[in-house]
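Chain letters run A, B, ... following the sequence lines, proteins first and then strands; every chain starts at 1. Heavy-atom basis, side chains included; hydrogens, waters and symmetry copies ignored.
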Amino acid sequence: MCYNAAMSDPFDLTGAAPEPGPQPGASPRAEPGADSPPQPGATEAAAPFLDALNAQQREAAESLDGAVLVLAGAGTGKTRVLVTRLDHILAARRAFPGQILAVTFTNKAAREMLERVTGLIGGAAEGLWLGTFHAICVRILRRHAEAVGLKPNFTILDTDDQLRLLKQVMEAANLDTQRWPPRGLLAVIQRWKDRGLGPDRVTAAEQSDFAAGRALALYDLYQGRLKTLNACDFGDLLLHCLTIFAGHADVLNDYQRRFRFILVDEYQDTNVAQYLWLRLLAQGGGNICCVGDDDQSIYGWRGAEVGNILRFEKDFPGAKVIRLERNYRSTPQILAAASGLIAHNAGRLGKTLWTEGDDGAKVRVSGVWDGEAEALSVAEEIEFLTGGGISADEIAVLVRTGSQTRAFEERFLSSAIPYRVIGGPRFYERREIRDAVAYLRVIAQADDGLAFERILNVPKRGLGGASIAAIHRAARAEGTALTTAAAALVGTDELRPQARRQLTGLLEDFARWREAAATAGPAVLAETVIDESGYAAMWRNHKSADAPGRLENLGELVTALEEFESLGDFLEHVALVMEHDQDEAGEMVNIMTLHGAKGLEFDVVFLPGWEEGLFPHQRALDENGAAGLEEERRLAYVGLTRARRRAYVSFAANRRLFNLWQSAIPSRFIDELPGEHVEVDVAQGLYSGGLAKAESSYHFAPGQASSGAARRRRGGRMAASAPDGDQAAAQGEPDALRRGARVFHQKFGYGKVVEADGAKLEIAFEKAGRKKVMAGFVEPA
DNA sequence: ACTGCGCCAGTTTTT
DNA sequence: CTGGCGCAGT
C-alpha cells in the first residue's frame with residue numbers, strides 16, 4: 001500500500017506542470033551535486049531532532065547529497081535515523097514530501113516508518129511516497145499499465161492463483177503435473193523474476209532443468225495467460241516497472257526528476273530486480289540513502305542478494321559509507337552472545353557493536369525432554385517474569401517455523417497465559433474470504449477469469465467440469481476473457497438448458513452488482529453479493545463445526561470493507577497486505593516466527609527449538625548448503641538481538657513431527673554461543689556439547705545454587721522426565737531394525753517391531769501400546 | 001454432477 | 001494429524 005493521502009495528486013507525467021515552489025531555494029538546491037553544501041540556516045533552525053542523535057547517526061541523517069550507505073547493526077537506531085533524515089530533508093526545504101521516495105521491504109516496516117514519521121512531523125509528511133517496493137510499483141504500474149499490455153485495473157494474483165494458473169498452463173502443454181509439481185515451476189519463475197528476467201531475457205546460463213528444460217517455454221505461456229487475464233503476480237510488479245523504465249525514457253526521466261531523495265530501508269533484503277529498479281530511479285538526482293545490515297539478511301530464499309550491499313560503492317561512485325555500531329537495545333551480555341554467534345559467518349562486512357550499561361543476565365540455554373516440556377518450561381518462566389512485574393507485551397516467543405507455535409498456544413491456553421500469534425493463519429487466505437473476494441474481483445474486473453472460475457460453482461449451481469470446459473473452449477476460440485466467453489455461450493445451445501439457465505442468472509447477477517458498485521459503498525456491496533449469491537446461505541446450511549466461524553469471518557470482511565473508499569482500493573489492499581489488523585488489545589505474550597520478529601524488540605525473548613534440522617532448518621542446508629547455514633545463523637542473530645534484557649534459548653531432545661517421534665540433537669548454534677556469556681541449565685544426559693564442557697557455569701546437580709527460576713524448573717517435571725539414557729546413541733545412523741525385533745524406547749519402554757518401512761517403524765510396546773516411531777529413536781534390546 | 005473414499009504428500013521463512 | 005487430490009460409485 002502507498003501511504004499517500006493525496007491520491008488525487010495529479011502526477012503529471014509530461015512534467016509540464018512543475019510543483020509550485022512556495023519555499024524559496026527549494027528548486028536550485030535539488031540539483032544533484034555531492035559537493036553542494038547544505039544550507040546551514042535551514043538545517044539548524046528546522047531540525048531539532050538531530051540533536052538527539054549520536055555522531056554517526058547524525059552524519060547519516062545529515063548527509064543528504066549523493067549516495068549514502070548506512071550499515072546499521074541491530075538496535076543501533078536505524079529507523080530513527082531514517083525518520084530524522086526525512087524530517088531533515090523537509091525542514092531544510094530540500095524537497096516536498098511528494099518528491100521523496102521511502103521504500104521498505106515489508107508492510108510492517110512501512111507501517112512503522114509511517115507511524116514514526118507522522119509522530120515526528122505530523123501531517124507535514126502528506127504526499128510522501130512511502131511503502132513497500134511492491135506497493136510503490138503498483139502505484140506506478142497503474143498509471144502506465146498499457147505500456148506492458150495491461151489495463152489500469154489489472155488484478156494482482158496471490159500464490160494460490162498463480163499455482164492454479166500454472167497448473168492450467170502445464171496441463172494445456174500436456175505435462176504431467178504429478179511428476180512436475182506446479183510449485184516447482186512457480187519457484188523457477190519466481191527466481192527469474194527476482195533477478196529481473198522476463199521470458200525474453202532468460203539466457204542459457206539461467207536455464208532450469210525443470211520439466212526437461214521446458215520451464216522457459218512455460219514461463220512464456222504463463223506470462224501470456226496473465227496478460228489475457230489482465231493480471232500480474234508479485235514478481236511482475238517489479239518486472240513490469242523495469243520494462244516500462246527501459247522502454248520509455250520519458251516516463252523514467254519523469255520519476256527520476258520527481259524523486260529527489262530516495263530512502264531505502266532493509267537494503268540487505270533487496271533482490272536484483274529491486275536493486276535495478278532503485279538504481280534506475282537514483283540515476284536522476286543520485287541522492288539515495290540505503291540503510292541495511294548484512295548480518296540481518298534473512299530473505300535470501302526469496303531472492304534477496306546480500307551482494308547488493310557489497311557492490312553499493314561500486315555502483316554509486318563516491319558513496320559515503322556510515323557505520324552505526326552503538327547498540328541502544330540489548331544488555332552487554334546479550335549483545336556479546338549474539339556477536340559471538342554471528343562471528344562464525346564468513347561472508348560479512350563486519351561491524352563491532354558496543355553498548356553501555358549494566359552487564360545484565362547471561363543468555364540462558366536449557367535443554368528439555370520434548371516439545372511439550374519446552375512449552376511448559378517457557379510458560380513457567382513467563383509466569384515467574386510477569387509475577388515479577390514484567391508486562392506480557394514485552395515478552396516474545398520466537399520460533400523458526402510456523403508449526404512450532406501450536407505447542408505454545410496449547411500450553412498457554414491451559415496455563416491461562418494471554419498470548420497473541422502474530423502473522424498466524426492469514427485472514428485473506430481463508431477459503432470463505434477468498435471466495436467472497438473472488439466475487440468482488442469479478443465485479444471490479446470482469447476479465448479476472450481465475451476469480452470467475454473460482455466462484456462459478458460456489459455455491460453449487462450445477463456448473464461443473466463440463467460447463468467450465470465449454471467456457472474455456474469458447475474463450476480460447478474467441479481469444480476473449482472467461483466472462484465474455486460465458487456471456488457469448490449462453491446465447492448458444494452449447495450448454496445443457498439447466499446449466500445455461502444458471503449461467504445466465506449468474507451473469508445477470510454480476511451485471512446488477514456491477515451497477516450497484518457504481519453507487520453503493522464497498523461494504524454494502526459486499527453484503528449484498530454475499531447474500532444474493534447464496535454464498536452466506538451455503539455456510540448457514542453447512543453442518544460442520546467451523547461453518548459459524550466462517551460466517552463470522554464474512555461479517556468481519558464486510559466490516560473491514562467499511563474502511564475503504566472504493567472496491568479497487570480494497571482489492572489492492574487484499575493483494576498487497578495479506579494480513580488483517582486485528583485489534584488485540586491487552587497485555588499478551590507475543591508468539592511469532594523469527595522472520596516476523598525482524599525490526600521488533602522485547603524485554604524478554606524466548607528462542608525455542610534450537611535443534612539440528614529445525615534450526616538450522618534442514619531444508620535451508622539441503623538447498624543452499626553453506627550459504628543456507630549462514631542465513632540460518634543470521635536468523636539466530638536476529639532472534640537474539642530482539643532481546644533487551646533477557647534471552648532464553650532452548651532445545652528439546654525429542655520432537656513429534658507429523659505423528660512420529662524424532663530424536664534431535666542440539667543446534668550447532670548453541671555450541672557457537674560464547675561460553676562466557678551463556679548460562680547453561682540442561683537436564684542431565686540431554687546435552688554433552690562442547691559448550692557445556694568448557695563452561696564452568698554448567699550446573700545440573702540438583703541443589704546447586706542458581707536462579708530461582710532454574711531451581712523451580714529442575715525440581716519440576718523436566719528433571720523427573722529426563723532419563724539418564726544415552727541420547728547420543730539414538731543420534732547415530734538408524735539401525736536396520738526388522739520386524740519382530742525387540743527394541744527399547746526411552747519414552748515408551750520395551751516393545752516389538754510390528755511393521756518396518758524404512759526408517760518408519762510401528763512398534764507394539766509392552767506398556768504404551770502401538771506407536772509409530774522413527775528407527776533412530778529406538779535401540780535393539 | 002456430486003459425494004465419498006482412500007491415498008498421498010507435506011511444512012521455512014513473505015511480498 | 002491435516003488437507004488436498006484423484007478416482008470410483010451413485
- prompt: Looking at the rings of A/F615 and A/W610, which for Trp means the six-membered one, are their centres under 6.0 Å apart?
  reply: yes
- prompt: With a 4.0 Å cut-off on heavy atoms, is A/K167 in touch with a base, just the backbone sugar-phosphate, or nothing at all?
  reply: sugar-phosphate
Distance-only donor-acceptor pairs under 3.5 Å for side chains of residues 182-192 of chain A, two or more places apart:
unit_1	atom_1	unit_2	atom_2	d
A/W192	NE1	A/E206	O	2.9

- request: Mark yes or no for a side-chain to base donor-acceptor pair under 3.5 Å between A/R302 and B/dT15, with no hydrogen or angle criteria applied.
  value: yes
- prompt: Under the side-chain contact (heavy atoms from CB on, under 4.5 Å) test, which residues partner A/A486, sequence neighbours left out?
  reply: A/F452, A/I471, A/L503, A/L507
message: Are A/F245 and A/H144 an aromatic pair, judged by ring center distance below 6.0 Å?
response: no
query: Listed in order of residue number, which residues of residues 460-468 of chain A have a non-hydrogen atom at under 4.0 Å from DNA chain B?
result: A/K460, A/G462, A/G464, A/G465, A/A466
message: Could you work out, with ring-ring contact (aromatic ring centres under 6.0 Å, His included) as the rule, every residue matching A/Y299, not counting sequence neighbours?
response: A/F105, A/W301, A/H595
- prompt: At under 4.0 Å, does any side-chain N or O of A/N271 touch on OP1 or OP2 of B/dT15?
  reply: no
query: In terms of side-chain heavy atoms of A/T159, which of B/dT15, B/dT12, B/dT13 is nearest?
result: B/dT15
- prompt: Residues in ring-ring contact (aromatic ring centres under 6.0 Å, His included) with A/Y637, at least two apart?
  reply: none
query: Quick one: A/K193 NZ to B/dT15 C1', roughly how many Å, whole number?
result: 13 Å
query: Of all residues at least two apart in sequence or in a different chain, which pass the side-chain contact (heavy atoms from CB on, under 4.5 Å) check with A/A231?
result: A/T155, A/L157, A/L226, A/L229
message: Distance check needed: B/dC8 C1' versus A/D176 CG, whole Å only.
response: 15 Å
- prompt: Given B/dT14, B/dT15, B/dT12, which nucleotide is nearest the side-chain atoms of A/N107?
  reply: B/dT15
query: What nucleotide among B/dT12, B/dT15, B/dT14 has an atom nearest to a side-chain atom of A/Y299?
result: B/dT14
- prompt: On DNA chain C, which is the earliest and which the latest nucleotide, 5' to 3', with an atom closer than 4.0 Å to a heavy atom of chain A?
  reply: C/dC1 to C/dG6
- line: When A/N457 and A/A575 are each assigned the nearest nucleotide of DNA chain B, the 5'-most assignment goes to A/N457
statement: The answer to which of A/A620 and A/F133 contacts DNA chain B further toward the 5' end, by nearest nucleotide, is A/A620
message: Please classify the nucleic acid contact of A/F105 as base, sugar-phosphate, or nothing, using heavy-atom distances under 4.0 Å.
response: sugar-phosphate
message: For a quick check of understanding: with a heavy-atom distance under 4.0 Å over all strands, which category does A/E631 fall into, base, sugar-phosphate or nothing?
response: nothing
message: Applying side-chain contact (heavy atoms from CB on, under 4.5 Å), can you list everything that pairs with A/E623, at least two apart in sequence or on another chain?
response: A/R619
message: Quick one about A/N271 and A/R195 (side-chain donor to acceptor, distance below 3.5 Å, no hydrogens or angles considered), yes or no?
response: no
message: In this structure, how many angstroms lie between the P atom of B/dT14 and the NE2 atom of A/H595, rounded?
response: 7 Å
Polar side chain donor-acceptor pair, A/E611 to A/S667, under 3.5 angstrom: no
- prompt: Between atom CD1 in A/I298 and atom C1' in B/dT13, what is the gap in whole Å?
  reply: 8 Å
field: A/Q274 CD - B/dT14 P separation (whole Å)
entry: 16 Å
Those residues that, when tested against A/N153, pass side-chain contact (heavy atoms from CB on, under 4.5 Å) (two or more places apart): A/K151, A/N230, A/Q445
query: Tell me: NZ of A/K108 to P of B/dT13, nearest whole Å?
result: 14 Å
For atom CE of A/M538 and atom C1' of B/dC2, their distance in whole Å: 14 Å
Partners passing ring-ring contact (aromatic ring centres under 6.0 Å, His included) against A/Y222 (at least two apart in sequence or in another chain): none
field: Involving DNA chain B, stems made of at least three consecutive Watson-Crick or G-U pairs, both distances under 3.5 Å
entry: B:1-10 with C:1-10
- prompt: Base, sugar-phosphate, or nothing: which does A/D158 touch, judged by heavy atoms less than 4.0 Å apart?
  reply: nothing
- prompt: For A/F570, which residues count as a ring-ring contact (aromatic ring centres under 6.0 Å, His included) partner, sequence neighbours excluded?
  reply: A/F564
field: Phosphate-side-chain proximity, A/T104 and B/dT15, N/O vs OP1/OP2 below 4.0 Å
entry: no
statement: Between CG of A/L398 and P of B/dT13 the distance, given in whole Å, is 14 Å
message: Side chain of A/T401, heavy atoms from C-beta onward: which of B/dT12, B/dT15, B/dT14 has the nearest atom to it?
response: B/dT12
query: With stacking defined as ring centroids separated by under 5.5 Å and planes differing by under 30°, is A/W301 stacked against B/dT13?
result: yes
